[in-house]
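Note: hydrogens, waters and symmetry copies are ignored here, and every other heavy atom, side chains too, is used.
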Amino acid sequence: MVATASLYNGVCYSSPSAALDAFYTPKGASMHFVNPQIWVFYYSKVAGVWNYEKHIANGTLWSKSYSQPVGFSPTFPLCDATQPLFDGMEIGWGVAVAMFAALGIVSIKQAFFK
């Protein structure tokens, strides 16, 4: 088959942007305490672009806020999004053949051993 999707963390996503969303979404905020400041870093998606957000607070007052597009864009290996469908069909045909074989054995047994 043709590789048309992107593989990330063992999951085949339908497009590179879906894999990129899966890459950045679970990354939670990180906080750093630099007396007397609190620095908070996290990723957010705005208008289809992933941004790196940095907020700095002095006590309870948020004084500075920076947002810039993420400079790092990972590349993902290609995969075939239809492969699970064909794997399921292969298993289904195996089960169907086994059922027909069992039916054939039972029919032959009934025909010859009455």
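- Ring centroid separation for the pair Trp50 and Tyr43 does not come in under the 6.0 Å cut-off.
- Atom OH of Tyr24 sits about 11.5 Å away from atom OG of Ser44, to the nearest 0.5 Å.
- Using cut-offs of 30° and 60° for the angle between ring planes, the Tyr52 and Phe41 rings count as parallel.
- Put simply, CG on Asp21 and OG on Ser15 are 7.5 Å apart, with the number rounded to the nearest 0.5 Å.
- Rounding to the nearest 0.5 Å places CG of Leu7 at 9.5 Å from OH of Tyr13.
- Going from atom NZ of Lys45 over to atom CG of Leu20 covers 7.5 Å, rounded to the nearest 0.5 Å.
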- Query: Step by step, would you call Asn51 with Val49 a side-chain contact (heavy atoms from CB on, under 4.5 Å)?
  - Reply: CA-CA 6 Å; Asn51 294 308; Val49 176; 4.1 Å; yes

- Applying ring pair (Phe, Tyr, Trp, His ring centres under 6.0 Å), run through Tyr42 and His55 and close with a yes or a no. CA-CA 9 Å; Tyr42 62 92; His55 300 279; 5.5 Å; yes

